[in-house]
**Q** 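Take this structure, written in structure tokens, and hold onto it; I'll ask about it next.
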Amino acid sequence: MDIKINTAKKKRRKYRFVSVVSILVFLGIWYIATAVLELVPAYSLPSPVKVFSTLITKFYTQAPDGATLPQHFLASLQVATYGYVLGAVIGVPLGIAMGWFKTVDRIVRPVFDLLKPIPPIALIPVMIVVFGISIKAKAVLIFFSTVIPCVLNSYSGIHQTRQIHLWVSQTFGATNFQQLFTVAIPSALPMIFAGLRVAMGSSWMALVAAELLASTSGLGYLISVGRSLLRSDLIIVGILCLGMIGMVISVVFDLVEKRFVRGGKEQ
């Protein structure tokens, strides 16, 4: 057992070392191409030193977009949390119910199949007309982006429950609801978590798209202002913040999945 633990720790250290080296190499190539060789104009692609300077400055300076970086981050996070939590709370149980109860599937699936192919970004004009440039419009858009993958993966996870496990539970006298909560849902958890991951990515994409088109705050708005002012450093700062947020969310999902999903891979 100790040998396995030591081997796993060595693999994690090796992975972290390779990750750090790859990031340093990328930054080095970027710096040489922009600051040393000047292959592209500075206004088009600034050096990483300039981007880092802008990142630090935006923590306490509101110019030129009217808010600091933490304020933009909190504005985006607030909207994303509202829409995502609501979409997950509705989408996961709905997908489970559709996968387990045929009556629910027959009632809901025609409407769901109609809405599923619609890109969430296509709803932005409708949301603006109905709710205006407000938090409600963006929250509803994120809800739509979240609920679709949550329903799909929860539905698929329930349908992938092994029949032999259900037969065994029936042999021990389990009722339909007992089979659902003790067999089907636990076995569907990997798919459900996968759906939540996909939904998180979709929600952030929808949020940034909405903020690019109609917003007065948020990371997407920061990127939009940078584009209007030809400030590539602001654009890259916004993009890097989105990437770092995605990394943190991914780590959180990994920790939660290891804690609650049975049979998860050992890292």
**Q** Roughly how far, to the nearest 0.5 Å, is the CE atom of Met244 from the CG atom of Leu55?
**A** 5.5 Å
**Q** How about Pro64 and Arg231: do any of their side-chain heavy atoms sit closer than 4.5 Å?
**A** yes
**Q** Provide the closest heavy-atom pair for Tyr155 versus Met98 in the form atom of the first, atom of the second, distance.
**A** CE1-O, 3.5 Å
**Q** Does His165 reach the side chain of Arg162, with side-chain heavy atoms less than 4.5 Å apart?
**A** yes
**Q** Would you say Ile239 ends up clustered with Ile29 if hydrophobic residues are merged whenever their side chains have heavy atoms under 4.5 Å apart, either directly or through other cluster members?
**A** no
**Q** A side-chain contact here means heavy atoms from C-beta on lying under 4.5 Å apart; do Trp30 and Leu45 qualify?
**A** yes
**Q** Look at the aromatic rings of Phe177 and Phe181 and report parallel, tilted or perpendicular, splitting at 30° and 60°.
**A** parallel
**Q** Roughly how far, to the nearest 0.5 Å, is CG of Leu27 from CD1 of Ile32?
**A** 11.0 Å
**Q** Do the side chains of Ile23 and Val51 join up, straight or via other hydrophobic residues, at under 4.5 Å, putting them in one cluster?
**A** yes
**Q** Can you label the angle between the Phe193 ring and the Phe253 ring as parallel, tilted or perpendicular, going by 30° and 60°?
**A** perpendicular
**Q** Step by step, work out the side chain to side chain contact (heavy atoms under 4.5 Å, CB included) result for Tyr82 and Leu86.
**A** CA-CA 6 Å; Tyr82 288 159; Leu86 184 61; over 6 Å; no
**Q** Just how far is it from atom CG of Leu69 to atom OG1 of Thr61, taken to the nearest 0.5 Å?
**A** 11.0 Å
**Q** Do the side chains of Ile249 and Trp204 get nearer than 4.5 Å, heavy atoms only?
**A** yes
**Q** Could you check whether atom CD1 of Ile164 has more than 12 heavy atoms from other residues, nucleotides or ligands sitting under 6.0 Å from it?
**A** no
**Q** What closest approach, in Å, do Lys58 and Ala67 show between heavy atoms, and which atom pair accounts for it?
**A** NZ-O, 2.7 Å
**Q** Do Leu94 and Phe112 pass the side chain to side chain contact (heavy atoms under 4.5 Å, CB included) test, and can you show the C-alpha distance, the side-chain angles, and the key distance before you say yes or no?
**A** CA-CA 11 Å; Leu94 181 59; Phe112 181 76; 5.7 Å; no
**Q** Using atom types as modelled and distance alone, determine if a side-chain donor or acceptor of Ser44 lies under 3.5 Å from a backbone N or O of Pro41.
**A** no
**Q** Nearest heavy-atom pair of Thr54 and Leu234: which atoms, and what distance?
**A** CG2-CD2, 3.9 Å
**Q** Hey, quick one: are Tyr60 and Val225 part of the same hydrophobic cluster, counting side-chain heavy atoms closer than 4.5 Å, chains of contacts allowed?
**A** no
**Q** What distance do Ile128 atom CD1 and Leu123 atom CG have between them, rounded to the nearest 0.5 Å?
**A** 11.0 Å
**Q** For Asp105 and Trp100, which I'm curious about, is there any donor-acceptor pair between the side chains at under 3.5 Å?
**A** no
**Q** Measure from the side-chain N and O atoms of Tyr84 to the backbone N and O of Ala139, and report whether any donor-acceptor pair falls under 3.5 Å.
**A** no
**Q** Grab the two heavy atoms, one from Ala122 and one from Pro125, that are nearest each other, plus how far apart they are.
**A** O-CD, 3.4 Å
**Q** Going by heavy atoms in the side chains, are Thr146 and Ser202 under 4.5 Å from each other?
**A** no
**Q** Main chain of Tyr43, side chain of Ser232: is a donor-acceptor contact present, judged purely on distance under 3.5 Å?
**A** yes
**Q** Give me the one residue out of Ile121, Val126, Ile124, Val79 that meets side-chain contact (heavy atoms from CB on, under 4.5 Å) with Leu141.
**A** Ile124
**Q** Any donor-acceptor pair under 3.5 Å linking the side chain of Lys138 with the backbone of Ser76?
**A** no
**Q** Sequence neighbours left out, what passes side chain to side chain donor-acceptor pair (under 3.5 Å) with Ser187? Give chain and number order.
**A** Thr161
**Q** State the CZ-CD1 distance between Phe73 and Ile245, to the nearest 0.5 angstrom.
**A** 4.5 Å
**Q** Test of understanding: with side chain to side chain contact (heavy atoms under 4.5 Å, CB included), list the residues that count as partners of Val89, not counting sequence neighbours.
**A** Val85
**Q** Report yes if some heavy atom in the side chain of Thr34 is under 4.5 Å from a heavy atom in the side chain of Pro46; otherwise report no.
**A** no
**Q** Would a hydrophobic clustering, with Ile, Leu, Val, Met, Phe, Trp and Tyr connected at side-chain separations under 4.5 Å, put Ile235 with Phe59?
**A** yes
**Q** Side-chain contact test, heavy atoms from C-beta onward, threshold under 4.5 Å: evaluate it for Lys136 versus Met127 and give yes or no.
**A** no
**Q** State whether the side chain of Thr57 and the backbone N or O of Ser53 hold a donor-acceptor pair below 3.5 Å, judged by distance alone.
**A** yes
**Q** Could you please spell out the steps behind the side chain to side chain contact (heavy atoms under 4.5 Å, CB included) verdict for Asn176 and Phe101?
**A** CA-CA 10 Å; Asn176 189 45; Phe101 302 104; 3.7 Å; yes
**Q** Determine, stepwise, if the pair Ile118 / Leu115 fulfils side chain to side chain contact (heavy atoms under 4.5 Å, CB included).
**A** CA-CA 6 Å; Ile118 300 176; Leu115 298 177; 4.2 Å; yes
**Q** Find out whether Leu180 and Ile185 are in side-chain contact, i.e. whether some heavy atom of one side chain is under 4.5 Å from a heavy atom of the other.
**A** yes
**Q** Which atom pair, heavy atoms only, marks the closest approach of Leu196 to Cys150?
**A** CD2-SG, 3.7 Å
**Q** Gly91 and Val147: which non-hydrogen atoms are nearest, and at how many Å?
**A** CA-CG2, 3.6 Å
**Q** Treat each ILVMFWY residue as a node, draw an edge where side-chain heavy atoms are under 4.5 Å apart, and state whether Val237 and Leu229 are in one component.
**A** no
**Q** With rounding to the nearest 0.5 angstrom, report the CG to CD1 distance, Leu207 to Ile142.
**A** 4.0 Å
**Q** Please check this pair: side chain of Asn153 against backbone of Met191, looking for a donor-acceptor N/O pair closer than 3.5 Å.
**A** yes
**Q** Donor-acceptor check, side chain of Ser203 to backbone of Ala199, threshold 3.5 angstrom: yes or no?
**A** yes
**Q** Would you say Gln71's side chain and Thr68's backbone share a donor-acceptor pair under 3.5 angstrom?
**A** yes
**Q** For Thr175, is there any backbone N or O sitting under 3.5 Å from a side-chain donor or acceptor partner on Gln178?
**A** yes
**Q** Tell me, please, which residues at least two apart from Ala35 pass side chain to side chain contact (heavy atoms under 4.5 Å, CB included).
**A** Tyr31, Ser47
**Q** Sub-3.5 Å donor-acceptor pair from the side chain of Ser169 to the main-chain atoms of Leu166, do we have one?
**A** yes
